[in-house]
Structures are given as C-alpha cells and as structure tokens.
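What you are looking at is a predicted structure, and each value in this text was computed from that prediction instead of being measured. Along the sequence shown, residues are numbered consecutively beginning with 1.
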Amino acid sequence: MPSHRLTRFAGPAAILLAAAVAVAPQLFRGNTCGHDFDIHLVSWFDCLNGWRHGILYPQWTPSANYGAGEPRFIFYPPLTWMAGAALGLFLPWHLVPIALTFLLLAATGLATRALARMALDDAPATLAGCAAIFSGYALFTAYERSAFGEMAAFWIPLLLLFILRDKHFSAPLLRRAFDGSAVPLAVAVAGAWLSNAPLGVMASYLLAAVALAIAILRRSWAPILRAAVGASLSLALAAFYLIPAAYEQRWVDIHQATDDPGLKIENSFLFGHAADAELALHNAELTRVSWIAVVMVGVALLGLLIVWRRKTLPADRRWWIPLALIPAAVLLLQLHPSLPVWNLLPKLRFLQFPWRWLVVAEAPMAIFFAAAVWPRNGAKRSRYVVVAMAWCALFLASTAIAAIYFFQPCDDEDAVAPMVQVYRSGQGFEGVYEYAPIGTDNALVATGLPDACLVTDARKTLGVLDTAGANPDWWVEQNSCDAVFAATPPEAQSNPQRLHLHADVAHSGYLILRLRTYPAWRITDNGQPVQPSIARDDGLTVIPVQQGRAEIDVDWTTTPDVRLGRWISLAALLLAAGLALWERRNMHP
C-alpha cells in the first residue's frame with residue numbers, strides 16, 4: 001500500500017490508541033464503580049436476558065426492586081443498555097464496561113477530528129480528537145460517574161459538523177439547506193436522544209442556538225431550514241422511545257429525578273456549597289467538576305485568543321464564531337445569574353447539574369487547543385516532534401490524574417463478579433426511585449419475597465426491617481403469608497415479561513405478587529381479566545382470589561402510546577430514506 005494511503009489511517013489509529021490509553025488503568029486496577037455503574041450493569045443483564053427470550057426491545061427490568069421489577073427500559077434511552085448487552089454476548093462481564101468506555105471515547109475522538117478537519121490539517125485535527133478524549137470532563141464522566149449514556153458525546157461534534165457544513169454557498173435556498181447534511185443531522189440528534197435524555201435536551205438547544213448564529217452570520221435561512229427539518233425528523237425517528245417515555249411519566253414518580261436537593265440546579269452552580277450536611281459528598285464532587293469547568297473553558301478561550309493573535313483562525317468566520325460562542329455560553333450557564341434561563345426553558349432543569357453542559361464544550365475546546373499549540377506551516381520538523389511528545393506526556397498525565405482522583409474502587413458487593421452471582425441467583429437489586437409507581441416507596445419492597453403470597457389483609461406488611469437504611473427481609477418462618485406459590489416455570493428461567501402461576505387457594509383472599517404494579521400488565525385469573533384491587537405502599541401487585549384452583553397469567557402488553565411511537569418512527573425512517581436520496585440528487589443536479 002502506498003505511503004500516502006497509509007497516512008490516511010494514521011490519524012484514526014492515533015485516536016484509537018489514545019482511547020486505549022485512557023481506559024488502560026481499568027485493565028490493571030479493575031472496573032471503576034462510578035455513581036451509575038450498578039444501574040448500567042443490571043440493565044445490561046436484563047436486556048440480554050430479554051433478548052435470549054426473543055424480546056428484541058425489552059420494556060421491563062425484572063431484577064430491579066429485588067425481583068419485583070420496574071419499567072426502566074421505557075424511560076432510559078436504549079442505545080447504551082443495548083450496546084452493553086451486545087458486548088456481553090461475547091465478552092466477559094468485567095470487560096464490558098471497559099470495552100464500552102473505549103468505544104465511546106474513541107467515537108468522541110473520531111467525531112471531533114472530523115469536525116476539526118473542516119478547518120485544520122490532518123495532524124492538528126487528530127490532536128483535537130485526542131484532546132477531546134482527555135478533556136477533564138470526559139475522564140470524569142468515565143471514571144467517577146460511569147455515566148455511559150452521557151459518554152456518548154460523539155453525537156455533539158457530529159451535530160456541529162452537519163449544521164456547519166455549507167457546500168453550496170451561492171446556491172438557492174433549498175439546494176444550500178439540503179446539501180446532503182440534513183439527514184445525517186437528524187440521525188445525530190436522534191442518536192443523542194436515544195443515548196441519554198439530558199444529552200438529547202442539550203443537543204436540541206445547541207442545534208437551535210448554533211443554527212440561529214450561523215443564519216445571522218451567513219445572512220441565509222438555509223441553516224434554520226436544515227435545523228428545523230433535522231430536529232423534526234430526529235424526534236420522529238426517536239418517537240418509539242420518546243412518546244412512551246413522555247406519556248407514561250404519569251404512571252411513575254418521575255419527579256424524584258429533579259426534586260432531590262442534590263439534583264437541583266440551584267445547588268450545583270460553579271463552586272457552590274450547600275449547607276445541608278447530607279450534601280457533603282455532592283459538594284466535594286461539585287468542587288472537582290467546577291475546577292474541570294474552569295480549566296476547560298479557560299483552555300478554549302485561551303486557545304481562541306492565541307489563534308486570533310497568530311492570525312491562524314479559519315478564513316470563514318461563519319465557521320469558528322459559532323464554535324467560539326459555545327464555551328462562553330457554557331460558562332454563563334454554570335453561574336447563578338443564569339437561573340432564570342434554567343427556569344424558563346422547557347426541560348432544561350431536567351439536566352439536574354449545570355456542569356453537564358461541559359459535554360458540549362469538549363469539541364470546541366479541543367479544536368481551539370489544537371489550533372493554538374500546533375506549529376505553523378514551515379516550522380522545523382523537530383518542533384513538530386517536540387510538540388507531539390509534550391502533548392503525549394500531558395495526555396498520559398491526564399490519565400494518571402483520572403486513575404488517582406476520579407477512580408472509584410468497587411465495594412465487595414458492587415464488583416462485577418458478585419453482581420453476576422446475585423443476578424443468577426434471582427435475588428434482584430435495588431430499584432431506581434423515579435421509576436416507582438406514584439405514591440410508593442422502593443425502600444419498603446422486601447427482599448426474598450415469593451412469587452405470590454396469599455393473605456387475608458391486602459395491606460399486610462411483608463418482611464422485617466433488620467438494618468436501618470436497608471430494605472426489609474422476608475422469610476417463610478415469619479408466617480406473614482398463609483401460603484406461597486412459585487411461578488411455573490421458575491421465574492428466573494421464564495420470560496421476563498410474563499408470569500404464570502398455578503395456585504390451589506385454601507381460602508378467599510388476596511395474592512400479593514412479587515411484581516410492581518404498572519398499567520401495561522394484563523392480568524387474568526382462570527382466563528378472566530383481573531384488575532389490581534388495592535394499592536400498597538411498596539407498590540406490589542394485589543389481586544383478589546377465591547377459594548379453589550387459580551390460574552394466574554400476567555403478560556406485558558403493547559400500550560397505544562408505544563404503538564403510536566413505533567409507527568411514527570417507521571414513517572420517519574421511510575421519510576429519511578427518501579430525503580437522503582433527494583439530497584444526494586440535489587448535491588449533483
């Protein structure tokens with residue numbers, strides 16, 4: 001292969017190597033069990049279990065709430081938990097988080113490089129891609145938070161790439177707006193929504209703001225038209241997730257995602273400090289991420305100043321000015337005076353933390369950084385070598401800092417091997433509070449419950465609280481159940497979205513199922529529909545039964561909102577295919 005063809009792969013290879021370096025500490029120290037690690041790991045287990053039972057798009061997470069389950073897959077975007085489950089098909093589970101982190105960081109680097117190539121040569125563009133990987137926020141998200149959905153930051157530079165393109169500057173409006181970028185733009189925004197809901201919110205606002213800035217600078221409606229079509233098409237493509245997630249919020253206590261003091265915007269502004277002693281860990285984390293924000297925004301703005309002074313900015317100011325505005329806007333959103341903006345714009349408070357906007361600043365920071373430090377054309381070759389070695393050393397130092405200060409050692413029960421063992425035992429795990437039925441408390445769901453418990457009092461307490469702060473424990477010797485019944489076949493081996501019970505009921509009463517209530521469940525007793533009769537504080541399903549033989553079937557149904565979302569996504573997919581063909585012809589009339 002000719003050497004010039006080999007150089008085409010040098011940049012991507014360098015970024016893959018950089019991503020490998022960024023995750024290398026986990027290969028030696030083991031997994032970092034960040035804040036969201038357990039939730040993602042359990043989701044991967046349950047998704048893969050659903051696939052093995054022929055459920056391509058699982059809706060219910062059966063192992064949550066110690067086997068009583070929750071509708072997590074309806075509300076948490078699917079790409080991340082499906083990616084983890086797919087890796088679990090052929091990798092040992094302890095390698096899955098590391099492999100997924102590598103892939104997401106590498107994708108961010110490659111996407112940033114592609115955006116930078118619009119204005120920079122291959123070498124500095126590659127440096128920009130590496131800088132995005134080693135930005136403080138990317139490593140913080142990977143090591144301290146294990147927020148795999150938010151690590152899908154590569155959608156942001158792709159969004160910027162497709163909205164900033166202007167292939168036909170002097171062409172008519174339609175040809176300029178639809179130059180082959182509208183459909184990829186829609187895919188990028190849809191991908192953000194399907195990876196992480198806060199990322200989707202940020203991508204949508206970012207698209208609107210950047211499109212408006214470009215339209216003003218270019219004095220053209222083309223960016224607005226492209227953004228409007230791309231945003232509309234993206235929401236339609238993601239409708240199979242977005243419509244059920246929005247409609248079915250009325251069935252769960254979703255407000256717990258924003259009502260907790262540690263999740264309120266007011267308590268997370270730059271270098272903030274909440275007086276509540278229970279927020280001590282939150283304050284420590286906020287201090288760390290505040291320094292990261294200051295460094296990232298400072299690097300971006302300093303890099304911009306250097307390239308402006310050196311007169312090495314891209315000739316087209318309509319390209320770099322929108323990128324330059326992003327770090328400044330992100331900084332303003334970290335400060336308390338921006339609170340009216342957070343309260344005014346729809347869904348913005350759903351981000352929980354202002355510093356989440358740092359994911360948007362990664363690509364602009366990396367590009368201005370690379371443009372500032374890369375030697376000018378004509379510099380001595382030795383200078384290029386020195387610069388490359390210096391920044392390799394800096395990136396290694398960044399990885400070391402992440403491994404020392406951000407790395408979260410796993411507790412004995414949170415490590416991957418014990419989690420796998422618990423999952424296979426069928427004991428289940430703690431649930432997520434915002435997915436609980438309204439008016440119920442996850443902390444009241446007892447561990448060790450049978451599949452069904454016969455009682456005369458539907459509100460009877462099941463389980464005994466042994467340890468403060470823990471869930472109650474149930475065992476048969478408590479005699480809280482007049483009789484217990486097991487699923488047939490055993491629940492751990494059955495379809496996770498179906499429960500079948502044979503019960504010889506000794507007396508009339510109620511069956512308390514080890515299953516959280518949810519409107520999508522269809523319950524029949526001896527073939528006759530049954531509605532859960534009484535609401536319990538622990539959210540378990542209660543059905544009345546009569547003395548004698550009972551054949552209980554509980555099946556997950558496809559609700560109308562789910563069907564509507566799927567039909568819209570299918571129509572949008574066909575529309576996107578047609579628009580892509582039209583754009584292709586429009587590029588070469």
Side-chain angles (χ1 to χ4, degrees), residues 36 39 42-43 46 58-77 197-198 201 241-265 346-347 349-352 428-447 449 452-453 455 457-463 465 469-472 496-497 499 510-523 529-544 554-565:
D36 297 342
I39 293 174
V42 172
S43 297
D46 278 332
Q59 302 280 279
W60 189 254
T61 314
S63 64
N65 292 298
Y66 306 101
E70 67 186 16
R72 184 185 307 172
F73 291 150
I74 290 175
F75 301 101
Y76 202 96
V201 172
Y241 155 71
L242 289 173
I243 288 180
Y247 180 81
E248 298 186 21
Q249 286 182 13
R250 67 196 66 196
W251 298 339
V252 296
D253 202 0
I254 198 71
H255 293 289
Q256 293 201 48
T258 54
D259 289 347
D260 186 280
L263 303 177
K264 289 188 174 182
I265 296 296
K347 293 299 181 181
R349 292 186 66 90
F350 182 66
L351 266 64
Q352 301 170 321
F429 303 92
E430 183 180 2
V432 180
Y433 275 89
E434 57 260 37
Y435 306 146
I438 293 176
T440 66
D441 189 348
N442 285 1
L444 300 178
V445 180
T447 65
L449 287 171
C453 168
V455 295
D457 179 5
R459 292 188 173 87
K460 190 169 187 176
T461 300
L462 300 182
L465 189 62
N471 284 61
Q497 293 184 180
L499 177 68
Y510 302 91
L511 282 181
I512 302 176
L513 305 182
R514 186 176 71 154
L515 187 70
R516 291 314 272 291
T517 57
Y518 202 72
W521 290 117
R522 181 182 62 204
I523 305 173
V530 177
Q531 292 295 328
S533 58
I534 296 176
R536 290 174 53 89
D537 291 340
D538 57 12
L540 296 178
T541 300
V542 179
I543 58 174
V554 185
D555 294 282
W556 186 268
T557 60
T558 302
T559 53
D561 55 289
V562 172
R563 288 195 290 270
L564 175 63

Determine all donor-acceptor pairs shorter than 3.5 Å in which one atom belongs to a side chain in residues 429-437; sequence neighbours excluded.
none

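Once rounded to the nearest 0.5 Å, the distance linking CG of D441 with CG of D537 reads 8.0 Å. Summarising the geometry, atom OG1 belonging to T517 is positioned 11.5 Å from atom CH2 belonging to W251; distances are rounded to the nearest 0.5 Å. Atom CG of L515 and atom CG of L540 lie 8.5 Å apart (nearest 0.5 Å). The structure places CG of L462 at 4.5 Å from CD1 of I512, a figure rounded to the nearest 0.5 Å. Annotation: the span from R522 atom CZ to T559 atom OG1 amounts to 12.5 Å, rounded to 0.5 Å. If you take CD on Q497 and CG on L499, they are separated by 12.5 Å, rounding to the nearest 0.5 Å.
Residues passing the salt bridge (charged side-chain N to carboxylate O under 4.0 Å, His left out) test with D46, sequence neighbours excluded: none. Partners of R72 by salt bridge (charged side-chain N to carboxylate O under 4.0 Å, His left out), not counting sequence neighbours, listed by chain and number: E70. Checked against side-chain hydrogen bond (donor to acceptor under 3.5 Å, both in side chains), R536 has the following partners two or more places apart in sequence or in another chain: D538. Under the side-chain hydrogen bond (donor to acceptor under 3.5 Å, both in side chains) criterion, D36 pairs with no residue at all, not counting sequence neighbours. Not counting sequence neighbours, the partners of L564 by the side-chain contact (heavy atoms from CB on, under 4.5 Å) test are I243, I568. F73 is linked by a ring pair (Phe, Tyr, Trp, His ring centres under 6.0 Å) to W81, counting only residues two or more places apart in sequence or in another chain. Evaluation of the side-chain contact (heavy atoms from CB on, under 4.5 Å) rule for A446 yields L449, P472, W474 as partners, not counting sequence neighbours. Applying the side-chain contact (heavy atoms from CB on, under 4.5 Å) rule to P544 yields the partners Y510, V530, S533; only residues at least two apart in sequence or on another chain are considered. For P198, the side-chain contact (heavy atoms from CB on, under 4.5 Å) partners at least two apart in sequence or on another chain are N196, F350, L351, R356.
Contact detail for T541 and P532: the closest heavy-atom pair is CG2-CG, 4.0 Å. Scanning all heavy atoms of the two residues, the minimum distance from I438 to D253 falls at CG1-N, 3.9 Å. Residues A68 and V445 approach most closely at CB-CG1, 4.3 Å, considering heavy atoms. Between A197 and P77, the shortest heavy-atom distance links the atoms N-CG, 3.5 Å. The minimum heavy-atom distance between Y241 and Y76, with the atom names listed, is CE1-C, 4.0 Å.
Residue pairs meeting the salt bridge (Lys or Arg N to Asp or Glu O under 4.0 Å) criterion with at least one partner in residues 241-250, sequence neighbours excluded, are absent. The salt bridge (Lys or Arg N to Asp or Glu O under 4.0 Å) analysis of residues 554-564, with sequence neighbours excluded, yields the pairs R498-D555.
Taking 4.5 Å as the limit, some side-chain heavy atom of R516 sits within range of a side-chain heavy atom of N442.
Using bins of under 30°, 30° to 60° and over 60° for the plane-to-plane angle, the ring pair W521/W556 lands in the perpendicular bin.
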